[in-house]
Amino acid sequence: MSSSTPSFPDRIELTGEGLVLRDWTESDLAAMPELFDHPDIAYWTPIVSPFDEEAARTRLDRARQLRTDGTALLLAITVDGGAALGEVMLKRAPEGTELGYAVGPAHRGQGLAARAVRVMAAYAFDQLGADQVILELEAENASSVGVATRAGFRLLDVPLIKGEEKGRPYVLQTWGLDRP
C-alpha cells in the first residue's frame, strides 16, 4: 500500500439497502462453517473446503491481517448488525478495486449479494476515491452473473483471466461499475 492510498479504519460498519455490513467478530466463528462449508462456495470461490472451525479461525485472522495491511476488507453481511448471512469483500489489486461475496445457502434468494455489493461499491467510491469497482466471475456461474447485473455492473471488454484453483481450471470475466 502506498502512502497515498487511504488505509482502512480499525472498525467499520456500512449501512444501506436494508443491510448492515460489519466486522467479523469472535462470536461469528461458530456460524461461519454453516455459511461457507457448501459445495457451491467450494466450487466457485477460493474459500477453503471443507470449511470447519479451524478454517473459520484462520479466515478471521486473515481478514484482520489483510485490513491491517490495507489490502482487503472482509465484512459480514447482516440485516440488522446481528447474525452473519454471508460476506462481502473489497480488495485493492493492481487491476483495480475488486469486490467479492459469498452468501450462506440458507440465505440465498433475498438479493443479499447484490445489495451488499452496491453498499460496498458506494464505500469504495465515496471513501476510497475509486473510479471503478470490478467483479471477476465465471460466465457459467449464473447466480454471480445475476448478482453483477442486478448490482448495475456491465461486462468489460478486457482479456479473460485464466487460472487454476483447487485443481480446477477457471476462466474469469471482468465486470465493472463506474463511479456515479
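Small disclaimer: the values here were computed from a predicted structure and weren't measured.
Tyr101 and Ser144 form a side-chain donor-acceptor contact under 3.5 Å, judged by distance and modelled atom types alone. Gln65 and Asp61 share no donor-acceptor pair across their side chains, judged by distance under 3.5 Å alone. Looking only at atom types and distance, the side chain of Glu87 has a donor-acceptor partner in the side chain of Trp24 under 3.5 Å away.
Considering OG1 of Thr25 and CG of Leu60, their distance stands at 7.5 Å, rounded to 0.5 Å. In this structure, CG on Leu90 lies 9.0 Å from CD on Glu98, to the nearest 0.5 angstrom. Annotation: the span from Tyr123 atom OH to Phe8 atom CZ amounts to 6.0 Å, rounded to 0.5 Å. Leu99 contributes atom CG, which lies 10.0 Å from atom CG of Leu73 (distance to the nearest 0.5 angstrom). Annotation: the span from Arg62 atom CZ to Thr58 atom OG1 amounts to 11.0 Å, rounded to 0.5 Å. The structure places CD1 of Ile134 at 9.0 Å from CZ of Phe153, a figure rounded to the nearest 0.5 Å.
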Handout entry: Stepwise side chain to side chain contact (heavy atoms under 4.5 Å, CB included) test for Val133 and Phe125
Key = CA-CA 8 Å; Val133 292; Phe125 296 138; 3.9 Å; yes
Practice task
Take Leu14 and Leu75 through the side chain to side chain contact (heavy atoms under 4.5 Å, CB included) test and state the conclusion after the steps.
Solution key: CA-CA 9 Å; Leu14 305 176; Leu75 300 177; 4.0 Å; yes
Problem - Audit row: Phe51, Ile41, side chain to side chain contact (heavy atoms under 4.5 Å, CB included) steps and yes/no - result: CA-CA 10 Å; Phe51 195 97; Ile41 291 175; over 6 Å; no
Practice task
Begin with the C-alpha distance, continue with both residues' side-chain angles, and end with the deciding distance and a verdict on salt bridge (Lys or Arg N to Asp or Glu O under 4.0 Å) for Lys91 and Glu136.
Solution key: CA-CA 12 Å; Lys91 181 173 77 174; Glu136 294 175 347; 5.7 Å; no
Practice task
Could you give me the CA-CA distance, side-chain angles and deciding distance for His38 and Trp44, then say whether side chain to side chain contact (heavy atoms under 4.5 Å, CB included) is met?
Solution key: CA-CA 10 Å; His38 188 271; Trp44 296 114; over 6 Å; no
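Here the side chains of Val145 and Trp175 are in contact, with some heavy-atom distance below 4.5 Å. Taking the side chain as every heavy atom from C-beta outward, Leu19 and Ile77 approach each other to under 4.5 Å. Using a 4.5 Å heavy-atom cutoff, the side chains of His107 and Leu35 are in contact.
Under the 4.5 Å side-chain heavy-atom criterion for Ile, Leu, Val, Met, Phe, Trp and Tyr, Leu128 and Leu135 are members of the same hydrophobic cluster. Taking hydrophobic clusters as Ile, Leu, Val, Met, Phe, Trp and Tyr residues chained together by side-chain heavy-atom distances below 4.5 Å, Met89 shares a cluster with Val48. Following chains of ILVMFWY side-chain contacts shorter than 4.5 Å, one cannot reach Leu156 starting from Val117, and the two form parts of different hydrophobic clusters. No continuous path of hydrophobic side-chain contacts links Leu160 to Leu172 [ILVMFWY only; heavy atoms under 4.5 Å]. By the rule that hydrophobic residues join a cluster once side-chain heavy atoms approach within less than 4.5 Å of another member, Leu112 and Phe36 end up as members of separate clusters.
Looking only at distances, no side-chain donor or acceptor of Gln127 sits under 3.5 Å from a matching main-chain atom of Ala124. Looking only at distances, a side-chain donor or acceptor of Thr78 sits under 3.5 Å from a matching main-chain atom of Val20. One N or O on the side chain of Asp80 and one on the backbone of Gly82 form a donor-acceptor pair closer than 3.5 Å. Under the 3.5 Å distance criterion, the side-chain polar atoms of Arg67 are matched with a main-chain donor or acceptor of Asp10. Judged by distance alone, the side chain of Thr45 and the main-chain N or O of Ile47 form a donor-acceptor pair under 3.5 Å.
Sparse packing is recorded around CD of Glu54, with 12 or fewer heavy atoms of other residues, nucleotides or ligands lying under 6.0 Å away. Around atom CD of Glu34, no more than 12 heavy atoms belonging to other residues, nucleotides or ligands sit under 6.0 Å away.
Shortest non-hydrogen contact noted between Ala121 and Leu177 is CB-CD2, 3.9 Å. Taking each heavy atom of Pro33 and Ala30 in turn, the nearest pair found is CD-O, 3.5 Å. Among all heavy-atom pairs drawn from Val119 and Gly16, the shortest one is CG2-O, 3.5 Å. Residues Ala151 and Ala114 share a closest heavy-atom pair of CB-O, 4.0 Å.
Pairs of residues two or more places apart, or lying in two chains, that qualify as salt bridge (Lys or Arg N to Asp or Glu O under 4.0 Å) and include a residue from residues 105-134 are Glu17-Arg118, Asp40-Arg108, Asp131-Arg179. Sequence neighbours left out, the pairs with a member in residues 164-174 that pass salt bridge (Lys or Arg N to Asp or Glu O under 4.0 Å) are Glu138-Arg168. Within the structure, salt bridge (Lys or Arg N to Asp or Glu O under 4.0 Å) contacts touching residues 146-157 (residues at least two apart or in different chains) are Arg154-Asp178.
Arg22 has a carboxylate O that lies under 4.0 Å from a charged side-chain N of Asp28, or vice versa, which qualifies the two as a salt bridge. A salt bridge is absent between Arg59 and Glu53; no separation between the charged side-chain nitrogens and carboxylate oxygens falls under 4.0 Å.
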